[in-house]
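All remarks here apply to the structure that follows.
Counting starts at 1 for both ligands and their atoms, following the listed order. Just so you know, these numbers come straight off a predicted model, no measurement behind them.
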Amino acid sequence: MKLWQGRFATPIAADADAFNESLSFDKKLYKADITASLAHSEMLARCNVISNEDKTAIHQGLKEILAEIESGKLIIQGQEDIHSFVENELVSRIGEAGKRLHTARSRNDQVATDFRLYVRESAKEIVNLLKNLIATLVDIAQKHVNNVMPGYTHLRKAQPINCAQYFNAYSEMFLRDAQRFLDALKRIDVMPLGSGALAGTSYPIDREITRELLNFKAVSQNSLDAVSDRDFVAEYLFACSLVVAHLSRLCEDTILYTSTEFGFWEMPDAYSTGSSIMPQKKNPDISELVRGKTGRVYGHLMAILTTIKGVPLAYNKDFQEDKEGLFDAEKTVKDCIAIYTSMLQQITLNVKRMEKAAAEDFTCATDVADYLAKHGVPFRTAHGVVGKIVRYCLNENKTLESMTLEEYREHSEVFQADVLTVVKAKNSANARESVGGSSRQSAKAGIKSIKARLKKLTY
Ligand code: ARG
C-alpha cells in the first residue's frame, strides 16, 4: 500500500507506478534511512512527542530490519521508495507504534537527510582512496629523485626535469581534489531533518538532538531551501569531475610513455591487454578506459546542474533524479582511482631511456641562453644567439654537448669552458632551484611538502 493512498479512489496505474518509483536505485540509502529514523524517533521521544514505549518498539523494529537487510534475509522490494519500504516493513512488524514514526517528518526532509548522510560517507571514502593514490605517487617520486626525464610543452621536448617533480605534479592535483571534497563536506554536512514537507513543523521538536545523534556539523536554517537544496550533489559531482580530469591526463601520459616510441615506462603485464589478431600487442586498455570514463562523470555533473535549474520552490519530484547519476559517478571515480593506484604500484621506469631522451633534442638550449644572460648579455639577444647555435648544430649534425668551446666562441666571445657543463641534462634540471622547480633539491622539498599536506587530509 502507498503511504498516501487515502486520498485516492483507485490505485496508481501500473505504468505510472513503474515510472514514479525510485526503490530500484534508492535502496542504496537503506542504512542512512534507518539511521536517520532511529535518531528522529529518539528525538520525538525525548521531546515527548511519542512515548518511550513506542520509541523502544520502533528502535527494535528498525534494528531488526537493518540486520535482516544486511544478512540478505530481507529483500528490498515492492514499494515506491526506500522510505516507504522501511516504514511499511516497520508497521507490518510492530503495528501502531510504527505508524507514529513519520510524526513531524516528511519524505522531503527525510530524503534530503538520507542522501546527505550517504554523500558524506562517500566523500570521505573518496578522500581515502585519493590518499592511497598520492602515497603511491610519492613512493615513485622518492625512488627517482636522482633521475631526470624530458619535460614537454606542446608535446615537444622542452627542458630536462627531475623525475620526482613529474610525479609530484600529479600529487598536487590529487591533493587539491581531496581538499575539494573536504571543503564540499562543510556544506554536505548540514542537516535538513526537521524541515518537514517545506514549512517546518508545529510539533515541539528539538533539531539539535537529531543533529547531535546524526553527527551533523550544523542544521539547515531555512526549511524551504533545506528540502530543495541539491547544491551538495552538484559540488560532489564537480569534485568527482576534476578527479577524472586529472586521472585522464595521467592516463594520456601513461599511454604515451609506455609506447615503444617513448619507452619511458613499462606497463605491468598484469594490467595490460592483448589483441585477438595481432599477437605482439600489449595494449594500455586500463588507461584508455579510465580516460574514457571521464565523459560519463562530466555527464552526471551536467545532468544535475540542468535538473536543479528552474525548479520552483520548494521540493519537486525532479529531485528524485539526483541519485542515479551520483551513484554512477561514485562507483566510476572509486573504481578509477583504485585501479590506477594498483597499476602505478607495478609500473617500472626505464631510467636509461628517459635520461638519454632528456639530453637529446637541444633540451638545454635555454640553459645556454641563460649562461649568456648571466654573463651580461641581454636575454633576448642571448636567445637569438642560441637560436643560431641550434641551427648550426642541425646543419652540422652536432649536439649542444658535442660542440667544442671554439665552436661556441664563434657564436659569442662570452662563452668559456664551463658552458660545456651547463648543457648536461642533469645539471640543467638541478640548476632550477626556484621553489617548485625541477632541481633535485626542489623535488625533494616538494615530496616533503606533499607528505605534510597528505597527513592533514582528515575530516
Ligand atoms: N523518492 C523521492 C525522492 O527521491 C522521495 C521524496 C518523495 N517526496 C514526495 N513528496 N513525493 O526524491
Item to check | Top protein contact for atom 6 (C) of ligand 1, by heavy-atom distance | outcome: Tyr315 OH, 3.5 Å
Item to check | For atom 5 (C) of ligand 1, closest protein heavy-atom neighbour | outcome: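 Minimum-distance protein heavy atom for atom 5 (C) of ligand 1 reads Asp81 OD2, 3.6 Å.
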Next on the checklist: Within ligand 1, which atoms have a heavy atom of Asn108 less than 4.0 Å away?
Outcome noted: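 The atoms of ligand 1 under 4.0 Å from a heavy atom of Asn108 are 8 (N), 9 (C), 10 (N).
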Checklist entry - Which ligand 1 atoms, with their elements, are less than 4.0 angstrom from a heavy-atom of Lys323? => result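 Those atoms are 3 (C), 4 (O), 12 (O).
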Next on the checklist: Could you check whether any side-chain N or O of His59 sits under 3.5 Å from a backbone N or O of Lys55, counting only pairs where one atom can act as donor and the other as acceptor?
Outcome noted: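 Looks like no, no N/O pair under 3.5 Å.
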Checklist entry - Given that the side chain starts at C-beta and the backbone is N, CA, C, O, which of these parts of Glu80 lies under 4.0 Å from ligand 1, counting heavy atoms, or is it both or neither? => result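 Under 4.0 Å from ligand 1, Glu80 contributes no heavy atoms.
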Checklist entry - More than 12 foreign heavy atoms under 6.0 Å from CD of Gln5: is that the case here? => result yes
Checklist entry - Does NZ or CZ of Arg116 come closer than 6.0 Å to the centre of the six-membered ring of Phe216, within 45° of the ring's axis? => result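 So Arg116 doesn't make the cation-pi contact.
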Item to check | Face-on cation placement of Lys217 at Tyr459 ring, 6.0 Å and 45° thresholds | outcome: yes
Checklist entry - Does a donor on one side chain sit under 3.5 Å from an acceptor on the other, for Ser438 and Tyr166? => result no
Checklist entry - Is any N or O atom of Gln320, backbone or side chain, closer than 3.5 Å to an N or O atom of ligand 1? => result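 Right, the criterion is met.
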Checklist entry - Is the closest basic N to carboxylate O distance between Arg120 and Asp189 below 4.0 Å? => result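 Counted as a salt bridge, because a side-chain N and a carboxylate O are separated by less than 4.0 Å.
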Item to check | The one among Gln110, His83, Arg107, Glu21 that brings a heavy atom closest to atom 11 (N) of ligand 1 | outcome: Arg107
